[in-house]
There are 2 protein chains.
Amino acid sequence: MNDRRTAILEAAATVIARRGVRGLRVEELAAEAGVSKALIYYHFEDRTGLLRRTLAFVNNRAERYTAEQAATGQPGAEAPAGPLRRLEQALLLELQDLPHVRENSTAWGELRASAVFDPELRGELALASVIWVREVADQLGEVRPAAPESALTASAERLTALLEGLSARWLSGVLSLTDARTRMREAIGVEVAHLAQLD
Amino acid sequence: MNDRRTAILEAAATVIARRGVRGLRVEELAAEAGVSKALIYYHFEDRTGLLRRTLAFVNNRAERYTAEQAATGQPGAEAPAGPLRRLEQALLLELQDLPHVRENSTAWGELRASAVFDPELRGELALASVIWVREVADQLGEVRPAAPESALTASAERLTALLEGLSARWLSGVLSLTDARTRMREAIGVEVAHLAQLD
DNA sequence: GTCTATAAAGCGATAGAC
DNA sequence: GTCTATCGCTTTATAGAC
């Protein structure tokens, strides 16, 4: 629809990933998007409004590429194989050193951290979280169809929270990407084994 | 040693927990600590230097109260019981709605998030992380003495990363404290069961 | 070591033309 | 819708007295 608006949101994700929410300057954002500062205030109420929209944008983009890889085979990737492999792929998707993934993960982490002090961001965040947990729970259900719903949800909450913890460590340089990915894969194995015992 | 210095660091943790790293204003910090702005610049090089010292301070304080509860029985708390209970207590310690715990967790989360964009904070952060993982791994070793060292470390990394993820969700209002604590306890159970299978 | 006062710069936000 | 120009407050940081 509105090209400029989208360009600003894309640029906002880029700048947030580069400088953090704390470091986001409307002037730098304007330069990145190739527009004037005033236009940003025209399209978005104020700085916080901009952040809220950016969070929604980042969420959508993440959902979009998760859906893509779930549906059709990625170009250059193998066939999806079984439900366990699809689950692993979905969870490991955020732990990749590709520019747009890193950008999305960084921006997401930043906006989540900001929500601790900015209640306006919480609605968006909670919504995304619920959707994401539900998705993972569904995929776990395909791996372990006999497991009770509540156990699937609990496992999904643990796995997604772990993913966020590992991602934060990776992005802050405390944990290597390789280790983060290994811990994530192990956790999936451990949770799936746990669900098997409940059958 | 230096009373004023410590007072400033304590106040910094308080203000960061209240406003975030981004919201930390030297003026507000000065008021909170009951000193002048200039004194803060006298004791700490600049804003970033202050943050680095505050991160170290928050780490020490967390270690201190973890050690306390591990060593002697908490006032008003039951006897420590077995190694599994001690492990649970240690990991659940950060998921409590007590003012000083919430303050420490919030400040820690903020500083960790800031480290993504501020390499000066990373050293301190990595150090604290290693110590924390080691501690949890040791406690896991007491619960499962037959488990190999590498498996203990991997489990400890997962549990501590999960704790950070759950803590972030709790503090940003996405997850209730009760749910966060439940997920943490379940995860400990799942990991301990996993380690038992490796014996 | 600690304070008051002030410089210097940064930055969000708006007015007004096109 | 979009830009240029600018206002005005906020905030970091320092100078200099005690």
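A note on names: the letters A, B, ... follow the listed sequences, proteins ahead of strands, and every chain is numbered from 1. Note that this is a predicted model, so its numbers are computed, not measured.
Sequence neighbours left out, not one pair with a member in residues 121-141 of chain B passes side-chain hydrogen bond (donor to acceptor under 3.5 Å, both in side chains).
Here B:Tyr41 does not reach the OP1 or OP2 of D:dT14: none of its side-chain N or O atoms lies under 4.0 Å away.
Computed from coordinates, the B:Glu45 CD to D:dT14 P distance equals 11 Å when rounded to whole Å.
Of the residues in residues 47-57 of chain B, not one comes within less than 4.0 Å of DNA chain C through any heavy atom. DNA chain D lies under 4.0 Å from at least one heavy atom of each of the following residues of residues 17-33 of chain B: B:Leu24, B:Arg25, B:Val26.
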Atom pairs and distances, donor-acceptor, side-chain atoms in residues 144-154 of chain A, under 3.5 Å, two or more places apart:
| unit_1 | atom_1 | unit_2 | atom_2 | d |
| --- | --- | --- | --- | --- |
| A:Arg144 | NE | A:Val192 | O | 3.3 |
| A:Thr153 | OG1 | A:Glu149 | O | 3.2 |

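Between B:Val35 and B:Leu29 there is no side-chain heavy-atom pair separated by less than 4.5 Å. No side-chain heavy atom of B:Arg112 sits less than 4.5 Å from a side-chain heavy atom of B:Leu121.
Looking only at distances, no side-chain donor or acceptor of B:Arg22 sits under 3.5 Å from a matching main-chain atom of B:Arg19.
For the side chain to side chain contact (heavy atoms under 4.5 Å, CB included) test, residues two or more places apart in sequence or in another chain that qualify with B:Arg181 are B:Leu92, B:Leu95, B:Gln96, B:Leu177, B:Arg185.
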Below 3.5 Å between N/O atoms, which protein atoms pair up with nucleotides 2-6 of chain C? Just atom names and distances, please.
| unit_1 | atom_1 | unit_2 | atom_2 | d |
| --- | --- | --- | --- | --- |
| C:dT2 | OP1 | B:Arg4 | NE | 3.1 |
| C:dT2 | OP2 | B:His43 | NE2 | 3.2 |
| C:dC3 | OP2 | B:Ser36 | N | 3.0 |
| C:dC3 | OP2 | B:Ser36 | OG | 2.9 |

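For the residue pair B:Ser155 and B:Glu191, a side-chain donor N or O sits within less than 3.5 Å of a side-chain acceptor on the partner. A donor atom on one side chain and an acceptor atom on the other are found under 3.5 Å apart for B:Arg169 and A:Thr160.
Under a cutoff of 6.0 Å and an axis angle of 45°, A:Arg5 and A:Phe44 form a cation-pi pair.
The salt bridge (charged side-chain N to carboxylate O under 4.0 Å, His left out) with B:Arg61 is formed by just one residue from the set B:Glu103, B:Glu94, B:Glu10; it is B:Glu103.
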